[in-house]
Amino acid sequence: WEAVVQYNDPDATKKMAIVSQHAQYFEDNSTIAPAHKKKNVTGVSYRVINVAMEGGDAAPATPIGINLPNSNWIREDFGSKSISLNNIENAYSKAGGAAAVAEFANDPAEIEAAKKYAEACGKMHTALHEVIGHASGQLNPGVDEPNITLKQYSSTLEEGRADLVALYFMPDPKLVEWGLMPDAEAYKAEYDNYLRNGLLQQLRRIQPGDNLEEDHMRNRLLVSAWVLEKGQADKVVVKEVRNGKTYIDIKDYVKLRELFGQLLAEIQRIKSEGDFAAARNLVENYGVKVDPELVREVK
């Protein structure tokens, strides 16, 4: 059970409504297989609100976005509703702190990009994740709900799927054209931030020797570790150690986007087909185990 007492942010809602208005564009231009795409994306609504009070599972640790309902059959017949918690997102970005970015960022250019673009990128990522990501794709005929077919891995993969939709579309020129992203270079700050957090910064939340248990943490590690590995041959993303500290350096943002698109297609296939074995392999191989020495270093 959870409850949120809110007041609306009409200006931000008007701006972000553009995302839901173009839901079909995102579905049509996604990397997922044609058979897994919705022919008519309907009923996707989006609102930006500020939180006055929270209760139940929304407190004391708050979400930054909420998307309902969870049932795929309801989504397919009636659509879905997303809200973005604006004042929570603002607090979250400030709590991340310039000092943390400066400590973990690979170079001064990455720090400057974060200062310039982090807030706009964070809000855009949340909007695409909640409105487009969770509402996209469809199950194959006769396939049960993911919580039945994919069992304990369904939530991790659903969060990963929604993140990948956001990551894949953030460089899309349409977002600049629609006034949702400041310029064509902004998305790079989000790519930097996502891998930096997925592979390093989020590890501060666990103790050395622990596995990742929380679904959002698992999905961020899964996505980041998968693209790091798959891009190794072409040096798309490089992990470097300098003066005893690990850094993540993205060498090719365009190829990284392609890798995000490939993983998105595979996770959607797993969900659409109810492929439990592939779900287990993906999560267990990429999203659970971390090097205890790296955790010590990060902490």
Side-chain angles (χ1 to χ4, degrees), residues 31 92-93 96-122 124-125 128-129 160 163-172 175 181-206 208 212 216-264 266 282 285-299:
T31 58
Y92 188 71
S93 65
V101 173
E103 177 64 32
F104 287 93
N106 181 58
D107 55 33
E110 195 174 307
I111 297 169
E112 285 307 307
K115 284 180 188 171
K116 187 175 180 181
Y117 296 122
E119 188 172 341
C121 281
M124 199 65 247
H125 181 103
L128 289 170
H129 174 110
D163 267 356
L164 286 160
V165 169
L167 291 165
Y168 182 75
F169 280 109
M170 285 190 78
D172 194 305
L175 297 185
M181 287 285 274
D183 58 52
E185 294 294 299
Y187 80 93
K188 293 178 180 178
E190 180 62 19
Y191 281 20
D192 291 333
N193 174 67
Y194 194 88
L195 295 195
R196 192 171 63 233
N197 186 37
L199 294 168
L200 296 173
Q201 279 183 254
Q202 69 168 352
L203 303 184
R204 72 192 186 278
R205 302 181 184 185
I206 64 170
L212 296 191
H216 296 81
M217 293 180 73
R218 282 185 166 192
N219 103 67
R220 286 191 288 263
L221 177 62
L222 185 162
V223 169
S224 303
W226 191 92
V227 295
L228 177 66
E229 181 189 285
K230 300 302 178 186
Q232 225 161 25
D234 296 329
K235 292 187 165 53
V236 177
V237 183
V238 176
K239 187 187 276 191
E240 296 179 349
V241 178
R242 301 193 298 270
N243 302 318
K245 293 182 179 180
T246 303
Y247 298 93
I248 307 300
D249 185 10
I250 300 173
K251 300 286 190 183
D252 192 329
Y253 290 88
V254 175
K255 283 191 176 173
L256 178 56
R257 187 195 185 205
E258 291 173 8
L259 290 172
F260 286 142
Q262 289 171 27
L263 184 56
L264 169 59
E266 172 60 7
L282 206 51
N285 289 335
Y286 295 99
V288 176
K289 297 191 183 302
V290 287
D291 178 5
E293 288 307 313
L294 184 60
V295 177
R296 286 190 185 90
E297 179 198 314
V298 168
K299 288 175 83 71

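- His125 places a side-chain heavy atom less than 4.5 Å from the side chain of Asp163.
- The shortest non-hydrogen separation linking Asp249 to Lys251 is OD2-NZ, 2.9 Å.
- Ion pair Lys255/Glu258 not flagged as a salt bridge, since none of the NZ, NE, NH1 or NH2 atoms sits closer than 4.0 Å to an Asp/Glu carboxylate oxygen.
- Closest of all the heavy-atom pairs between Glu190 and Cys121 is OE1-CB, 3.5 Å.
- Using a 3.5 Å distance cut-off with no hydrogens or angles, the side chains of Asp172 and Tyr187 do not pair a donor with an acceptor.
- Here OH of Tyr286 is found 3.5 Å from NZ of Lys230. Values are rounded to the nearest 0.5 Å.
- To the nearest 0.5 Å, atoms OG1 (Thr31) and CG (Leu259) are separated by 11.0 Å.
- By the 4.5 Å heavy-atom criterion applied to side chains, Thr246 and Val241 are counted as neighbours.
- Annotation: side chain of Glu103 is not in contact with side chain of Gln201 (no heavy-atom distance under 4.5 Å).
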Worked check of side chain to side chain contact (heavy atoms under 4.5 Å, CB included) between Asp183 and Tyr117: CA-CA 9 Å; Asp183 58 52; Tyr117 296 122; 2.6 Å; yes
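- Environment of NZ in Lys299: crowded, with over 12 heavy atoms of neighbouring residues, nucleotides or ligands closer than 6.0 Å.
- With Arg196 contributing its side chain and Ala105 its backbone, the two residues share no donor-acceptor pair below 3.5 Å.
- Between Val238 and Glu240, the shortest heavy-atom contact is CG1-CG, 3.7 Å.
- Looking only at distances, no side-chain donor or acceptor of Asp234 sits under 3.5 Å from a matching main-chain atom of Gly231.
- Note: Leu199 CG to Asp291 CG = 12.0 Å, rounded to the nearest 0.5 Å.
- Taking the side chain as every heavy atom from C-beta outward, Leu200 and Leu294 approach each other to under 4.5 Å.
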Full working for side chain to side chain contact (heavy atoms under 4.5 Å, CB included) between Leu264 and Leu167: CA-CA 10 Å; Leu264 169 59; Leu167 291 165; over 6 Å; no
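- Across all non-hydrogen atoms, the minimal contact from Val295 to Ile206 is CG1-O, 3.7 Å.
- Minimum heavy-atom separation, Asn106 to Tyr247: OD1-CB, 3.5 Å.
- Here the straight-line distance linking atom CD1 of Ile248 with atom CD of Glu110 works out to 9.5 Å at 0.5 Å rounding.
- Going from atom CE of Met181 over to atom CZ of Phe169 covers 13.5 Å, rounded to the nearest 0.5 Å.
- In plain terms, the two heavy atoms of Ala166 and His129 that are nearest each other are CB-N, 3.9 Å.
- Put simply, the side chain of Leu222 reaches to within 4.5 Å of the side chain of Leu263, judged on heavy atoms.
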Full working for side chain to side chain contact (heavy atoms under 4.5 Å, CB included) between Leu195 and Leu228: CA-CA 9 Å; Leu195 295 195; Leu228 177 66; over 6 Å; no
Candidate pair Val227 and Val236, rule side chain to side chain contact (heavy atoms under 4.5 Å, CB included), full reasoning: CA-CA 8 Å; Val227 295; Val236 177; over 6 Å; no
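- The cationic atom of Arg257 (NZ for Lys, CZ for Arg) does not lie both less than 6.0 Å from the six-membered ring centre of Tyr191 and within 45° of the ring axis.
- Between the side chain of Gln202 and the backbone N or O of Arg220 there is no donor-acceptor pair closer than 3.5 Å.
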